[in-house]
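Data block below; observations after.
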Amino acid sequence: MDCDDLCGENEGHFFVTIKYGGFWVDTNDNFRKRYNGGKQRTVKIEKGSMNLFKLKTEILKICSWLKGYKYSMHYHIQKTSPKEYKIINTDVDVVEMVKHSSGNFRAELVISVEEVDREQSNTNPMRVVGAEYMAECSVIHNGCISSVQTTSSIDIGIGTFFNDAKSFKNALRSVAIKENFGVQIKASDKKRVIATCSYQGCKWRIRASLCEDTQSFQVRRLDGVHTCPGINRAGNRLATSAWVANEIQEMVKRCPDIPPKDINSNLEKEFGLSLPYMKLWRAREQARDALFGSVDDNYKWVPTLAAELLHRNPGSHITYAYNSGDHSFQRFYVSFKVCADGFLAGCRPLISLDACHLKSKYLGVLLSANALDGNNGLFTLAFAVTETESKGTWSWFLQNLGETIGLSLYPLCFISDMEKGLGEAIKDVYPEAEHRICIRHLWKNIKKNFHCKDGQKVHGLVWEAANAYTNIEFNEKLVELRHLSHAVYSYLISLPCKWSRSQFMIGICHSANTNNFAESFNSWVTDARTKPAVDLIDLIRGKLMVQRAHRRMSSLSWQHELVPNVEEYIRNITTRKDHFVVRQSSLFKAEVEGLHSRHIVDIEQRICSCRAWQLIGLPCIHAVAFIGMKEHPLWHTYVDDYYHVHRYKLAYEGAISTLPGKDLWQVTENSENVGVPSTCRPRGRPRKKRLLNFLEQDKRSHRCGRCGLWGHHRSTCKNPLQNNNNKDNLRTDVGRRSRTKLPSRRNGEDHQLEDFEFSYVTGF
């Protein structure tokens with residue numbers, strides 16, 4: 001028997017009452033459930049088309065949000081009390097539903113969305129709830145129910161579950177902002193949350209109630225359609241900084257330093273909002289605090305961090321200091337044992353000291369001690385966070401460095417900028433060590449304090465004197481400099497530090513007179529300088545750990561005796577086409593004469609009268625000319641031991657231990673209570689980029705309109721006018737230079753290239 005036979009005597013329609021949007025609740029009878037809440041709608045179906053497909057078609061017309069989701073249909077077996085329901089899966093079940101209508105051609109049909117439950121069986125046909133997961137619910141769209149397209153936190157519909165009342169309010173706020181209407185909380189207590197549209201006269205209303213687990217909330221009612229006009233996007237009071245912080249947490253987690261401008265672009269794209277800059281900035285700070293902890297709480301981890309680092313890296317020198325009065329943080333010093341042992345075993349005894357300013361809430365200074373390995377790679381020996389840069393902080397840093405590598409190390413050389421109090425601190429802690437000063441910063445001081453008529457010539461003579469390897473050449477430049485500017489000459493010879501290569505100590509195996517590799521360290525830790533002390537130290541530790549592991553693995557594939565940089569140096573210097581006359585005196589001694597000079601070479605003692613071989617530990621061009629006369633020379637026998645692969649591997653032997661997250665750190669008992677530093681950021685918007693000094697600014701950015709040369713204006717031009725032909729050529733050259741990046745003169749690279757005879761030692 002089919003539906004036509006059952007309905008044949010009735011020329012009318014079969015009426016089906018469809019219930020949806022509610023939820024099943026347990027009854028006293030363990031085998032029965034009761035359907036509660038939701039809405040209902042009655043449809044009439046022609047008796048000739050009564051089948052499973054027709055039922056689903058009518059259901060989807062009413063509940064379009066069911067498209068793409070699994071749902072079940074249960075019909076009420078009439079004359080049962082309490083009500084009993086039976087599931088509909090096939091056309092046979094539809095026939096049974098019509099049969100149970102008892103001839104009144106009416107049926108009650110319940111629609112429920114199936115829950116995905118891993119812990120419980122899905123075989124129970126009554127195990128059904130409405131949209132416990134966000135993807136299985138209807139969403140608000142202009143007050144009506146529409147289909148779900150995403151699983152984001154702003155999908156709210158009848159039957160939607162939330163962890164607590166706060167989660168419901170946050171989701172409701174997001175919906176209101178996205179759909180451009182206001183929300184007013186009418187009632188909020190432990191058992192319910194009722195909200196209405198803030199526009200007077202709008203009947204839209206939503207209610208969420210406490211579930212049986214006494215913690216989660218479920219949307220039970222959603223009434224009315226919005227009849228209110230939209231509100232101002234930029235002036236939406238619902239978009240508070242706390243709400244924005246909650247919405248942008250994923251963005252901030254991926255990029256903690258995301259600019260507020262980018263946050264505004266994302267919010268404008270997703271919600272149509274355009275918020276003030278400072279609100280976005282405050283929201284980003286709140287999101288950072290929620291994800292990574294507040295800056296103030298960061299300093300309470302200082303004792304725990306020190307204990308963790310010492311426990312996982314035995315023998316390391318790690319210490320910190322705080323104010324005994326108010327317990328405010330002051331300093332934190334870190335030097336891992338593997339770094340100290342690697343420096344003593346495989347690095348040249350040249351230590352670069354430098355300081356850079358931190359940019360976190362409480363500012364501070366990052367002090368660092370860096371060396372170079374045999375392959376000219378940056379080798380960080382120690383670093384420290386201090387409150388300021390002064391003689392006291394530098395003395396404290398060097399005293400801890402002395403405990404790390406010893407105070408009697410010889411030979412030992414320090415190179416630095418003209419830092420505050422650093423020269424005196426080095427003299428107090430390491431009286432026997434050599435102290436070099438960066439020529440670039442020295443010239444900056446000369447340029448700032450002395451005014452010379454012929455500044456270009458003074459600049460050239462100072463750099464030539466600094467790059468001179470012999471005392472004869474150095475004194476010649478000083479004599480010329482004394483005639484041009486006696487004040488500059490007197491200043492240079494009165495300096496207690498060494499600034500010329502002719503004065504440098506033998507045995508350091510490095511002729512550097514600039515502190516560029518310290519600037520490389522500052523650039524390498526740029527992203528860490530915005531963090532508070534504990535996060536900064538942890539981030540630098542991670543960088544060092546990865547760097548050491550990478551270099552140790554890379555060195556395993558090296559097959560030769562010398563490191564790659566030195567092999568390339570030997571290859572380049574032996575293929576140069578300079579002309580030299582070699583007059584051999586004995587098996588190991590010879591005089592080598594070039595176009596402008598003649599030098600004595602002793603390959604047994606590894607010395608040359610030009611002093612380049614002694615300073616850098618690599619054969620100079622004169623030694624190469626003599627050694628090249630031999631058949632199949634063994635070049636590694638003429639190179640200092642610092643450049644050999646086995647010394648390089650000793651530098652990176654051992655690894656810095658890994659460190660888990662803060663939640664897994666072992667909090668020490670009776671540890672000191674360390675608070676935030678006493679320093680604080682001054683007023684105003686903090687700078688992210690350092691202001692360039694007068695030497696770093698491009699002096700050639702302006703071209704004179706009178707003579708066509710760079711670096712001055714037409715009103716101050718004193719150059720003679722060129723004839724027409726030369727002027728045309730000059731204009732062509734100026735046009736070519738304007739399209740090409742100009743070479744920088746501030747580091748002295750041009751002088752090293754002009755003095756090509758010594759250009760091969762630039763990297764060492």
Side-chain angles (χ1 to χ4, degrees), residues 309-310 313-319 333-355 366-384 394 397-416 422 425-426 429-430 432-436 504-505 507-512 515-522 524-525 537 540-541 543-552 554-555 563 565-566 616-617 640-657 763-764:
L309 292 178
L310 283 172
N313 301 273
S316 301
H317 183 58
I318 298 170
T319 184
Y333 175 90
V334 177
S335 180
F336 296 104
K337 178 175 174 56
V338 292
C339 296
D341 293 344
F343 169 77
L344 296 174
C347 293
R348 288 164 283 181
L350 174 67
I351 299 177
S352 169
L353 300 176
D354 197 25
L366 178 64
L367 309 182
S368 62
N370 297 279
L372 290 176
D373 57 37
N375 201 40
N376 272 1
L378 187 68
F379 190 95
T380 301
L381 177 57
F383 60 93
W394 275 119
F397 180 79
L398 290 174
Q399 287 169 3
N400 283 282
L401 184 64
E403 296 182 24
T404 302
I405 62 174
L407 295 173
S408 59
L409 185 63
Y410 186 87
L412 180 64
C413 176
F414 293 98
I415 184 169
S416 68
L422 178 55
I426 293 176
V429 181
Y430 284 95
E432 301 298 326
E434 180 181 81
H435 183 199
R436 302 180 187 177
F504 291 169
M505 180 191 303
I508 303 299
C509 292
H510 204 300
S511 62
N515 203 19
N516 290 341
F517 53 102
E519 303 298 337
S520 299
F521 174 81
N522 296 340
W524 187 48
V525 298
I537 293 168
I540 296 178
R541 177 207 60 82
K543 284 177 171 287
L544 290 175
M545 179 182 68
V546 174
Q547 181 194 69
R548 290 182 62 86
H550 174 72
R551 291 180 178 176
R552 183 169 58 254
S554 299
S555 64
V563 296
N565 266 13
V566 175
I616 65 176
D640 196 272
D641 199 44
Y642 286 118
Y643 302 106
H644 286 233
V645 172
H646 75 277
R647 292 291 292 269
Y648 182 91
K649 292 181 178 180
L650 288 175
Y652 292 100
E653 187 176 1
I656 297 175
S657 176
F764 299 94

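What's counted below: heavy atoms across the whole structure, side chains too, no hydrogens, waters or symmetry copies. All residue numbers in this chain count up from 1 along the given sequence. Here the structure is a predicted model, which means the values were calculated and not measured.
- A heavy-atom distance below 4.5 Å is not found between the side chains of Leu350 and Phe504.
- Put simply, the side chain of Tyr410 reaches to within 4.5 Å of the side chain of Met505, judged on heavy atoms.
- Note: Tyr648 and Tyr652 have tilted aromatic rings, judged against thresholds of 30 and 60 degrees for the angle between ring planes.
- Within a 6.0 Å radius of NZ in Lys337, no more than 12 heavy atoms belonging to other residues, nucleotides or ligands are found.
- Checked against Tyr333 for a side-chain hydrogen bond (donor to acceptor under 3.5 Å, both in side chains), the options Thr319, Thr404, Asn400 give a single hit: Thr404.
- For the pair Leu409/Leu344, a side-chain contact is recorded, criterion being any heavy-atom separation below 4.5 Å from C-beta on.
- Counting only heavy atoms from C-beta outward, the side chains of Leu353 and Ile426 approach each other to under 4.5 Å.
- Contact check for Ile540 versus Val334: no side-chain heavy atoms found under the 4.5 Å cut-off.
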Legend entry - side chain to side chain donor-acceptor pair (under 3.5 Å) between Asn515 and Ser352, worked out: CA-CA 7 Å; Asn515 203 19; Ser352 169; 2.3 Å; yes

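- Between Val338 and Asp341 there is no side-chain heavy-atom pair separated by less than 4.5 Å.
- A salt bridge links Arg551 with Asp373: the closest approach of a Lys/Arg side-chain nitrogen to an acidic carboxylate oxygen falls below 4.0 angstrom.
- Atom NE2 of His646 is surrounded by more than 12 heavy atoms from other residues, nucleotides or ligands within 6.0 Å.
- Side-chain contact between His435 and Ser416 is present, with heavy atoms from C-beta onward closer than 4.5 Å.
- Under the 4.5 Å side-chain criterion, counting only non-hydrogen atoms from C-beta, Tyr642 is not in contact with Val566.
- When atom types are taken as modelled, the side chain of Arg548 and the backbone of Glu653 share a donor-acceptor pair closer than 3.5 angstrom.
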